[in-house]
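Contents: one structure, followed by commentary.
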Amino acid sequence: MTADRELLTILTRIADALDKLAPEQNTGPSLQGADAFAWEPEENRLIPVPEVSRVEIGLLRGVDHVRDILLENTTRFASGLPANNALLWGARGMGKSSLVKAVHAEINAADPGRLALIEIHREDIDTLPRLMTAIRQSGRRTIIFCDDLSFDHDDTSYKSLKAVLEGGIEGRPANVIFYATSNRRHLMPRDMMENERSTAINPSEAVEEKVSLSDRFGLWLGFHKCSQQDYLDMITAYAAHHGLKISEEELNAGAIEWAATRGGRSGRVAWQYIQDVAGRLGQPLSSGK
């Protein structure tokens with residue numbers, strides 16, 4: 001009996017040691033525990049983002065038309081109705097990514113947890129099929145968001161994106177929608193398309209292969225440079241929201257000078273100016289902007 005107990009003890013120790021050496025079981029990406037996530041393809045997991053850096057939708061000025069379109073499209077999607085993938089393209093710093101995050105927050109404010117947001121980096125686009133498969137299985141309504149999406153010379157990952165958005169046997173999962181922002185309407189550099197046109201046997205077909213990627217987005221929402229009045233409206237809204245103690249005349253004069261030194265006006269420039277003003281006044285800004 002003593003020998004049996006000793007043998008059992010030894011076998012138990014061996015089993016424990018093997019358990020410690022064995023790799024942890026990968027259960028795959030999970031959409032539990034948060035409303036926003038960052039996709040980490042190397043670890044095949046979604047990293048929860050407890051607090052999204054965003055601007056309240058009411059503070060986004062000069063983009064009223066595209067704001068309403070994207071909000072309506074997203075609301076339909078969150079309600080289980082048909083909706084389109086969206087490409088937000090145009091001028092830098094005019095609130096493209098801010099609008100996506102603001103719309104997500106607006107919908108979840110009315111119905112907490114209703115909609116998940118996953119950010120995927122441009123360099124991880126070729127892992128998008130794997131991510132979509134995992135989300136399809138979860139059943140949760142999800143926006144996959146890629147900020148500053150574009151493709152350079154000799155980059156073939158755009159073909160993976162085309163196939164995922166509407167191609168393939170399964171097609172896009174019913175519980176997934178894809179939003180992207182870009183400075184380029186067709187996601188390809190102009191000289192890349194012109195080179196294809198000049199060297200191809202059939203120039204129109206070569207260019208069509210590149211341009212057809214943007215056709216996979218049912219919504220093309222254009223963002224253009226703002227007027228001075230729109231820019232000042234942004235400044236005024238930010239200042240009022242954060243309770244900055246400064247006169248309107250001084251605020252506007254400084255805003256115009258600030259834009260001039262940066263060679264243009266945009267929502268990003270307006271926010272940078274507000275941060276400068278708050279710093280000079282010694283007033284903190286709330287984390288939600």
Side-chain angles (χ1 to χ4, degrees), residues 35-36 52-79 83-110 115 117-119 122 143-150 177-187 214 216-242 244 248 251-252 255-256 258-260 262-277 285-289:
D35 289 332
V52 177
S53 175
R54 63 179 180 81
V55 177
E56 291 185 13
I57 198 167
L59 293 177
L60 296 174
R61 303 301 175 94
V63 294
D64 302 42
H65 181 61
V66 293
R67 177 201 63 202
D68 293 345
I69 293 174
L70 189 67
L71 181 58
E72 181 179 358
N73 187 71
T74 312
T75 301
R76 289 175 185 168
F77 170 71
S79 301
N84 280 302
N85 301 313
L87 174 63
L88 290 69
W89 67 276
R92 292 180 175 85
M94 280 305 298
K96 297 185 292 294
S97 61
S98 295
L99 180 57
V100 173
K101 291 183 285 187
V103 164
H104 168 253
E106 184 77 1
I107 290 175
N108 278 356
L115 195 60
L117 177 69
I118 298 175
E119 182 173 25
R122 154 70 190 86
I143 300 171
I144 297 182
F145 170 53
C146 184
D147 192 21
D148 198 18
L149 178 63
S150 63
I177 202 166
F178 188 83
Y179 287 173
T181 71
S182 179
N183 296 324
R184 303 168 181 165
R185 184 173 184 177
H186 293 298
L187 302 176
S214 57
R216 297 300 195 276
F217 295 90
L219 289 180
W220 287 5
L221 303 178
F223 288 68
H224 309 286
K225 293 181 179 180
C226 62
S227 66
Q228 179 166 294
Q229 188 57 55
D230 285 336
Y231 171 68
L232 293 178
D233 286 345
M234 295 174 193
I235 297 290
T236 301
Y238 277 136
H241 179 73
H242 294 289
L244 298 184
E248 183 177 353
L251 183 71
N252 288 348
I256 293 171
W258 183 271
R262 279 146 187 79
R265 299 180 294 264
S266 71
R268 181 177 296 131
V269 170
W271 175 243
Q272 291 168 346
Y273 171 64
I274 286 295
Q275 291 183 97
D276 181 74
V277 171
L285 297 172
S286 61
S287 59
K289 295 185 183 178

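Keep in mind that what you see is a predicted model, and the values were worked out from it rather than measured. Just so you know, these numbers use all the heavy atoms, side chains as well, and skip hydrogens, waters and symmetry mates.
Scored by the side chain to side chain contact (heavy atoms under 4.5 Å, CB included) test, Glu248 finds Asn252 as partners (sequence neighbours excluded). Considering only residues two or more places apart in sequence or on other chains, Arg76 meets the side-chain hydrogen bond (donor to acceptor under 3.5 Å, both in side chains) condition with Glu72.
Summarising the geometry of Thr181 relative to Asp148, their closest heavy-atom pair is OG1-N, 2.8 Å, with the distance given to 0.1 Å. The nearest pair of heavy atoms linking Ala86 to Leu70 is CB-CD1, 3.9 Å.
Under the side-chain contact (heavy atoms from CB on, under 4.5 Å) test applied with Tyr179, the options Asn84, Val100, Leu117 reduce to a single match, Val100.
Looking at Asp233 and Gln229, their side chains do bring a donor and an acceptor atom within 3.5 Å of each other.
Between the side chain of Asn73 and the backbone N or O of Ala83 there is no donor-acceptor pair closer than 3.5 Å. Proximity of a side-chain donor or acceptor of Ser182 to a complementary backbone N or O of Leu149 within less than 3.5 Å is detected. Proximity of a side-chain donor or acceptor of Tyr273 to a complementary backbone N or O of Leu251 within less than 3.5 Å is detected. Remark: the backbone N or O of Arg265 is not paired with any side-chain donor or acceptor of Arg268 at under 3.5 angstrom.
For residues 86-104, the pairs satisfying side-chain hydrogen bond (donor to acceptor under 3.5 Å, both in side chains) are His104-Asn108, with sequence neighbours left out.
Aromatic ring centroids of His242 and Trp271 lie under 6.0 Å apart.
When side chains are defined from C-beta on, Asn85 counts as touching Ile177, because their heavy atoms get closer than 4.5 Å. At least one side-chain heavy atom of Leu232 sits less than 4.5 Å from a side-chain heavy atom of Ile256. Two residues are said to be in side-chain contact when any heavy atoms from C-beta on lie closer than 4.5 Å; Leu60 and Leu99 meet this criterion.
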